[in-house]
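So the structure is just underneath, and the comments pick up after that.
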Amino acid sequence: MHIVVVYVGWVSVAVFPGSFDPITVGHLDVVRRAAGIFDTVIVAVGRNAAKSALLPLDERLRLAALAVAGIDGATVSEVPGLLAAFCAEKGADVIVKGLRSGSDLDDELPMAAMNRHLTGVETLFLPADGGLGHVASSLVKDVARHGGEIGGLVTPEVAAAVMAALFPGGSRGAGAATSAPNIDTSEE
Ligand code: PNS
């Protein structure tokens, strides 16, 4: 008698959620490190009801997909609704988040607790790399708005997309801050 042993492989899945408006080198560091721990890392691009995004969702998805193209096991997907439901649908073992500071932790703890409350999914926090603690999407956009250099903080494709979104007419340099949208130029 022959016994056939069928090995059913278990694939570990992590979900890395965020607005990714835009994806930065800090995010990519977290994706790479998570991909070293889990078989699959889904970069989950969602809407944060508390923020208004510079880049439309499809552009954030496109740029994230380009940015993670070289990272084995990393994929990109939209979160159409609740993150906890998305994790359940994808069979995710864990949510991964990067932490740069104590204030990041303050923001993240209630979300981690809520996601666990909803479906039981746990959140794993990875401390930001020491050299990347200052890299935040909001700061990247602010630097770009004011004419600063964002190369090195984001991929070239992302830098081009951010500049195009901020300066649709291509005007940049002197006076850039006043020609960019969402700038309150009133004196305080
Ligand atoms: O990069 P952000 O802005 O901190 O990402 C926040 C995001 C998109 C992960 C969060 O707002 C989210 O999970 N949105 C999906 C809707 C949801 O599940 N809301 C309840 C969160 S506890």
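Taken together through direct or relayed side-chain contacts under 4.5 Å among Ile, Leu, Val, Met, Phe, Trp and Tyr, M111 and F20 form parts of separate hydrophobic clusters. Under a hydrophobic clustering in which Ile, Leu, Val, Met, Phe, Trp and Tyr are joined whenever their side-chain heavy atoms come within less than 4.5 Å, directly or via other members, L124 and L83 fall into different clusters. In the hydrophobic clustering of ILVMFWY residues, with side-chain heavy atoms under 4.5 Å counting as a link, L66 and V162 come out apart. Put simply, V79 and V41 are part of two different groups of oily side chains (I, L, V, M, F, W, Y) that touch within less than 4.5 Å, one to the next. Connection of V140 to F167 is established within a shared hydrophobic cluster, with ILVMFWY side chains joined at heavy-atom distances below 4.5 Å, either directly or through further cluster members.
Legend: side chain to side chain donor-acceptor pair (under 3.5 Å) pairs involving residues 11-31, not counting sequence neighbours, sorted by first then second residue: S12-D39, D21-K141, T24-H27, D29-R33. Every pair tested for side chain to side chain donor-acceptor pair (under 3.5 Å) that includes a residue from residues 73-91 fails, sequence neighbours excluded, so the list is empty. Applying the side chain to side chain donor-acceptor pair (under 3.5 Å) rule to pairs touching residues 58-69 yields E59-R62, sequence neighbours excluded.
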Test side-chain contact (heavy atoms from CB on, under 4.5 Å) applied to L99 and E108, step by step
CA-CA 9 Å; L99 285 184; E108 295 296 342; 3.9 Å; yes
Applying side-chain contact (heavy atoms from CB on, under 4.5 Å), run through F38 and V15 and close with a yes or a no.
CA-CA 10 Å; F38 301 97; V15 165; over 6 Å; no
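Heavy atoms from other residues, nucleotides or ligands lying under 6.0 Å from CG of D72 number 12 at most.
In this structure V25 satisfies the side chain to side chain contact (heavy atoms under 4.5 Å, CB included) test together with L132, V135, sequence neighbours excluded. Evaluation of the side chain to side chain contact (heavy atoms under 4.5 Å, CB included) rule for S101 yields S103, D104 as partners, not counting sequence neighbours.
P17 and K97 get closest at one heavy-atom pair: CG-CE, 3.5 Å. Residues P110 and D107 share a closest heavy-atom pair of CD-O, 3.4 Å. Residues L139 and H134 approach most closely at CD1-O, 3.5 Å, considering heavy atoms. Taking every heavy atom of both residues into account, A136 and R100 meet most closely at CB-NH1, 3.0 Å. Taking every heavy atom of both residues into account, V96 and A34 meet most closely at CG1-CB, 4.2 Å. What you find for G98 and F16 is that their closest heavy atoms are N-CE1, 4.3 Å.
Atom CG of L166 sits about 9.5 Å away from atom CG of D142, to the nearest 0.5 Å.
Side-chain contact between I23 and V154 is absent, with no heavy-atom pair separated by less than 4.5 Å. The shortest distance between side-chain heavy atoms of F86 and T119 does not fall below 4.5 Å. Side-chain contact between L63 and E157 is present, with at least one heavy-atom pair separated by less than 4.5 Å.
Clustering of Ile, Leu, Val, Met, Phe, Trp and Tyr side chains at separations under 4.5 Å places L82 together with M114, L118.
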